[in-house]
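Worksheet: the structure to be examined is printed underneath.
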Amino acid sequence: MNKFFGDLHVLKDINLEVPKGQVVVVLGPSGSGKSTLCRAINRLEPINSGEIEVDGQPLPAEGKALAALRAEVGMVFQSFNLFAHKTIVENVMLAPVKVRKVGQDEARKTAMQLLDRVGIANQAQKYPAQLSGGQQQRAAIARALAMKPKVMLFDEPTSALDPEMVQEVLDTMTGLAKEGMTMLVVTHEMGFARRAANRVVFMSDGEIVEDASPDEFFTKPKSDRAKDFLGKIL
Ligand code: ADP
Ligand code: MG
């Protein structure tokens, strides 16, 4: 796929497949196009050329069919974007009730199971502002999971957190990975990339420069750009 912002070519012939059950970590310097890629996958950003498929189905450009397939893709951003005037459990119930027409009781039950899975069932009746950043991000993950997505996209989910809260969110994500969730994760957490990723995709200037196993990428990066990047962060 290709994507331009005006004259700026931000995604250059990106060809990326995330096979079922794989965890692909996207690394790269700021401005390399990682967030645009995440948004483009969901068509939150229009692309200029190329195709997007979810579970083998082409993602249509608009309309009801787009909404239906988009519901298969869970997204978690740096900012949690929880509804401030709804409790945590209500936040998790919202999309299943509105979009999937799940009944209140069933939605609540599923929401509580998901909150339990991310370790914050005891926070269910609180409002987002009453939770720590790490708890809010785990609630955001539960909210995304409530739609039973086929794939989860994470765009720097721990970047806005205080350091002591990063690990609890990474642990939640590692748990999901172990359960076999298909995941595309943009992160600067190299420990997570090493431990949880099946593949590392390194982006620079809108291109995929390397696509390798974590071991290969961290020990034998091929490109100068990857070596330079690793030199700065490790
Ligand atoms: P990353 O997430 O890797 O830091 P981004 O995808 O946010 O990179 O940005 C890639 C490039 O696209 C950057 O040069 C950025 O300035 C530019 N960009 C991102 N969003 C927009 C936008 N809405 N309008 C114009 N340029 C944008
Ligand atoms: Mg970004």
Side-chain angles (χ1 to χ4, degrees), residues 1-18 23-52 54 59 61-62 66 70 73-82 133-134 136-138 140-141 143-144 149 151-163 165-166 169-170 172-173 176 182-194 196-197 199-212 214 217-218 221-234:
M1 78 165 80
N2 281 281
K3 162 80 186 166
F4 292 83
F5 283 118
D7 291 337
L8 187 65
H9 198 175
V10 280
L11 295 177
K12 300 173 184 165
D13 288 325
I14 298 288
N15 189 352
L16 177 64
E17 185 176 359
V18 183
V23 177
V24 175
V25 165
V26 180
L27 303 176
S30 175
S32 54
K34 307 179 298 297
S35 293
T36 305
L37 175 64
C38 282
R39 294 171 54 76
I41 290 172
N42 236 349
R43 293 204 194 276
L44 294 173
E45 281 296 346
I47 56 175
N48 298 85
S49 73
E51 283 150 33
I52 299 158
V54 176
L59 198 65
E62 56 190 20
L66 171 62
R70 207 182 243 167
V73 183
M75 280 205 80
V76 176
F77 303 93
Q78 188 173 329
S79 57
F80 329 120
N81 296 326
L82 295 167
Q136 287 187 56
Q137 192 59 302
R138 286 187 281 157
I141 293 172
R143 181 180 55 176
V151 54
M152 288 279 285
L153 308 180
F154 293 87
D155 189 5
E156 299 199 27
T158 60
S159 295
L161 299 176
D162 291 334
M165 289 165 195
V166 168
V169 172
L170 294 179
T172 301
M173 292 165 62
L176 273 183
T182 308
M183 295 165 60
L184 183 77
V185 182
V186 177
T187 185
H188 294 294
E189 294 294 330
M190 297 302 143
F192 178 83
R194 278 173 185 273
R199 251 164 79 206
V200 168
V201 166
F202 173 71
M203 284 183 74
S204 174
D205 283 327
E207 288 175 287
I208 293 182
V209 179
E210 303 209 18
D211 186 340
F217 180 75
F218 287 109
K222 292 188 193 75
S223 62
D224 287 340
R225 282 191 272 183
K227 284 177 197 162
D228 184 49
F229 174 76
L230 288 170
K232 280 181 188 140
I233 53 150
L234 293 181

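Order of listing sets the numbers, starting from 1, for every ligand and every atom in it. We're numbering straight along the sequence, starting at 1.
- The CZ atom of Arg225 sits 5.5 Å away from the CG atom of Asp205 when rounded to the nearest 0.5 Å.
- For the Mg ion (ligand 2), protein N, O or S atoms under 2.8 Å: 1 in total.
- Looking at Val25 and Phe192, their side chains come closer than 4.5 Å, going by heavy atoms from C-beta outward.
- Under a cutoff of 6.0 Å and an axis angle of 45°, Lys232 and Phe229 do not form a cation-pi pair.
- For the residue pair Glu210 / Ser223, a side-chain donor-acceptor distance below 3.5 Å is found, with atom types taken as modelled.
- Once rounded to the nearest 0.5 Å, the distance linking CG of Asp13 with CG of Asn2 reads 4.5 Å.
- Around ligand 1, the residues contributing at least one heavy atom under 4.0 Å from the ligand are Phe5, Leu8, Val10, Pro29, Ser30, Gly31, Ser32, Gly33, Lys34, Ser35, Thr36.
- With a 4.5 Å cut-off on side-chain heavy atoms, Leu44 and Met75 count as touching.
- Within the 4.5 Å cutoff, side-chain heavy atoms of Leu16 are placed close to those of Leu37.
- With sequence neighbours excluded, the residues that form a side chain to side chain contact (heavy atoms under 4.5 Å, CB included) with Asp155 are Ser35, Cys38, Val186.
- Contacts of Glu156 classified as salt bridge (Lys or Arg N to Asp or Glu O under 4.0 Å), with partners at least two apart in sequence or in another chain: none.
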